[in-house]
Amino acid sequence: MFDTGSMNDELNAMKIDVTRLVNKAGEQKLDAPEDRAEALADQIKAALTELGETVSEEQAQLHSLLAERPMASLASAFALGVVVGFMLRRH
């Protein structure tokens with residue numbers, strides 16, 4: 001089953017990790033040797049790769065969920081469109 005709570009938690013954790021690594025890389029890039037900067041770049045790439053894999057897994061789960069219940073998905077999309085339409089109309 002598709003669990004948006006866990007996906008949000010994972011994405012937030014990845015965002016924090018990437019932000020921390022980028023900040024650390026920026027601070028150490030000024031006074032660190034090139035090898036150390038490359039190691040930090042590798043860590044950032046690994047974090048982004050993990051984020052991409054997490055998003056791909058969640059996308060596959062969402063796709064299967066929508067494929068299993070096409071009418072419910074269509075009704076949900078329509079209802080969301082109506083709500084957004086009313087909200088935009090008021091502003």
One should read off an interatomic distance between E58 CD and E53 CD, to the nearest 0.5 angstrom, of 12.5 Å
Sorted by chain and residue number, the side chain to side chain contact (heavy atoms under 4.5 Å, CB included) partners of E57 (sequence neighbours excluded) come out as none
Under 3.5 Å, which donor-acceptor pairs do the side chains of residues 73-85 form with other protein atoms, sequence neighbours left out?
unit_1 : atom_1 : unit_2 : atom_2 : d
S73    : OG     : R69    : O      : 2.8
S76    : OG     : A72    : O      : 2.8

